[in-house]
Amino acid sequence: PPAGRGFGRLNVEPLLDAGIGVATFYYGDVDPDYLDGFSNGIRARYLKPGESKRAADDWGSISAWAWGMSRVEDYFETDKSVDAKRVAIHGVSRLGKTVMWAGAHDQRFAAVIASCSGEGGAALSHRDYGETIAHLTAPTRYPYQFAENYAKYGGFPDKAPMDANMLVALIAPRPLLLQTGSTDNWSDPKGEFLAAVAAGPVYKLLGKQDLGTDVWPAAKTPLFSNGLNYYMHEGGHGMVPTDWDIYLQFLKAQLHPEQ
């Protein structure tokens, strides 16, 4: 069938032309993306004997989806047609958060592209700007996506002992591209930039480059390096068609598929 059929909004043809393979799977098959879906997902299979619901420090759906990405990588390592050492992962919004977590946990992923990951992803919680921990963990919204203990910092992000710069740093020294939107204030594109700036010393410590500036760039001004990368399109949440050009530049520079 023609390239791209069944891939939704993935613009796969330029990637294939550049020698980059594309794979995708439905994250809801791993864990449901809705309230009260716990019993229908992978996390319920890991309950301890006698337990009927998860503990306050048990994983949320985002961790489960990231776990699923690692199981895909397990398969890639068995498929001789795939270069399993040069796999980049990509996700948008809640799946942007997911690829950040997957990249931090599984060092087999060679590169990460996180699109508009925002709060709970690459945006700094301590800024208390746009979407917040309190918004994410509100009972009617997305509490299932995170450990229940995360809600303790709702309304008090300054009390949290961690922030997004640490999550960014956990991906080092592997290349990371944070792609955002200039009007996506809910996901705080500046907060993502500042998290990357704060994680820069870790990338440099490990022999890679930081963003090279602490001045927030204008929209459509990519910051590329062999470590941290940042790009903000002109517009709102998610991807626009021209983002794929940036992804392709990033992948070709980082993974050298032509070699």
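Closest approach of Ala110 to Leu255, counting heavy atoms only: CB-CD2, 3.9 Å. Taking both residues in full, the closest heavy atoms of Gly96 and Ser117 are given as C-CB, 3.5 Å, listed atom of the first, atom of the second, then distance. The minimum heavy-atom distance linking Ser115 with Met239 is given by the pair OG-CG, 3.7 Å. Scanning both residues, Ala66 and Thr98, for their nearest heavy atoms gives N-CG2, 3.5 Å. Across Pro32 and Gly37, no two heavy atoms sit closer than the pair CG-O, 3.1 Å. The two residues Leu35 and Pro139 have their closest heavy-atom pair at CD2-O, 3.6 Å.
Formation of a donor-acceptor pair under 3.5 Å by the Arg45 side chain with backbone atoms of Ser39 is found in this model. Under the 3.5 Å distance criterion, the side-chain polar atoms of Asp163 are left unmatched by any main-chain donor or acceptor of Asn165. Within the 3.5 Å criterion, the main-chain N or O of Ile42 finds a donor-acceptor partner in the side chain of Asp31. Side chain of Thr180 to main chain of Cys116: no donor-acceptor pair is present (N/O by atom type, distance under 3.5 Å, no hydrogens or angles). Under a 3.5 Å cut-off, the side chain of Asn185 and the backbone N or O of Gly130 do not form any donor-acceptor pair. Remark: side-chain polar atoms of His237 are not paired, donor with acceptor, to backbone N or O of Gly181 under 3.5 angstrom. Put simply, the side chain of Gln254 gets close to the backbone of Ser225: a donor and an acceptor are under 3.5 Å apart. Distance alone, capped at 3.5 Å, is enough to place a donor-acceptor pair between the Ser182 side chain and the Gly235 backbone. With hydrogens and angles disregarded, no donor-acceptor distance shorter than 3.5 Å links the side chain of Glu73 to the backbone of Phe109. Of the possible donor and acceptor atoms, none in the side chain of Asp79 sits under 3.5 Å from a partner among the backbone N and O of Phe76.
Annotation: side chain of Gln179 is not in contact with side chain of Ile246 (no heavy-atom distance under 4.5 Å). A 4.5 Å side-chain heavy-atom check between Tyr230 and Trp216 finds at least one atom pair inside the cut-off. Contact check for Ile133 versus Phe156: no side-chain heavy atoms found under the 4.5 Å cut-off. Using a 4.5 Å cut-off on side-chain heavy atoms (C-beta onward), Val99 and Met69 make contact. Leu176 is listed as a side-chain neighbour of Met100, based on a closest heavy-atom distance under 4.5 Å. Trp244 has its side chain within reach of Leu15: a pair of non-hydrogen atoms, C-beta onward, lies under 4.5 Å apart. With a 4.5 Å cut-off on side-chain heavy atoms, Tyr231 and Phe250 do not count as touching. Within the 4.5 Å cutoff, the side chain of Arg43 has no heavy atoms near those of the Asp58 side chain.
In this structure, Leu167 is a member of the same hydrophobic cluster as Leu211, with clusters built from ILVMFWY side-chain heavy atoms closer than 4.5 Å. Tyr34 and Trp59 fall into different hydrophobic clusters, defined by Ile, Leu, Val, Met, Phe, Trp and Tyr side-chain heavy atoms under 4.5 Å apart, directly or through other members. The hydrophobic cluster containing Tyr247 does not contain Val87, counting ILVMFWY residues as joined when their side-chain heavy atoms lie under 4.5 angstrom apart, directly or transitively. Val112 and Met232 fall within the same hydrophobic cluster, where Ile, Leu, Val, Met, Phe, Trp and Tyr residues are linked whenever their side-chain heavy atoms come under 4.5 Å apart, directly or through other members. Phe38 is not connected to Ile62 by any chain of hydrophobic side-chain contacts under 4.5 Å among Ile, Leu, Val, Met, Phe, Trp and Tyr, and they are in different clusters.
For the atom pair CD1 (Ile20) and CG (Leu251), the distance works out to 4.5 Å, reported to the nearest 0.5 Å. The line from CG of Asp57 to CG of Asn149 is 6.0 Å long, rounded to the nearest 0.5 Å. For the atom pair OH of Tyr75 and CZ of Phe25, the computed distance is 14.5 Å after rounding to the nearest 0.5 Å. Put simply, CG on Asn11 and CG on Leu16 are 9.5 Å apart, with the number rounded to the nearest 0.5 Å. With values rounded to the nearest 0.5 angstrom, Asp210 atom CG is found 11.0 Å from Asn229 atom CG. To the nearest 0.5 angstrom, Asp83 atom CG is 11.0 Å from Glu77 atom CD.
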### Message
side-chain contact (heavy atoms from CB on, under 4.5 Å), that's the test. Do Leu228 and Val168 meet it? Break it down for me.
### Response
CA-CA 9 Å; Leu228 281 168; Val168 172; 3.7 Å; yes
### Task
Under the side-chain contact (heavy atoms from CB on, under 4.5 Å) rule, what do Gln145 and Tyr150 come out as? Steps first, then yes or no, please.
CA-CA 10 Å; Gln145 293 183 2; Tyr150 188 46; over 6 Å; no
### Task
Please report the C-alpha distance between Tyr142 and Lys97 in whole Å, then the side-chain angles of each, then the deciding distance to 0.1 Å, and finally whether the side-chain contact (heavy atoms from CB on, under 4.5 Å) criterion is met.
CA-CA 13 Å; Tyr142 312 117; Lys97 308 180 205 303; over 6 Å; no
### Message
Would Asp245 and Leu248 count as a side-chain contact (heavy atoms from CB on, under 4.5 Å) here? Give the steps.
### Response
CA-CA 5 Å; Asp245 299 329; Leu248 184 55; 5.8 Å; no
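Within 6.0 Å of CD on Glu51 lie more than 12 heavy atoms contributed by other residues, nucleotides or ligands. Within a 6.0 Å radius of CG in Asp36, other residues, nucleotides and ligands contribute 12 heavy atoms or fewer. Shown here is Trp65, whose CH2 atom has more than 12 heavy atoms of other residues, nucleotides or ligands within 6.0 Å.
Residues Asp33 and Arg94 are paired through a salt bridge, judged by an N-O separation under 4.0 Å between the basic side chain and the carboxylate. Ion pairing between a basic and an acidic side chain is recognised when a charged N comes within 4.0 Å of a carboxylate O; Glu148 and Lys53 show no such pairing.
His135 pairs with exactly one of Phe146, Trp186, Tyr153 by the ring pair (Phe, Tyr, Trp, His ring centres under 6.0 Å) rule, that one being Trp186.
Side-chain contact check for Ser125 and Glu119: at least one donor-acceptor pair (N or O, by modelled atom type) lies under 3.5 Å.
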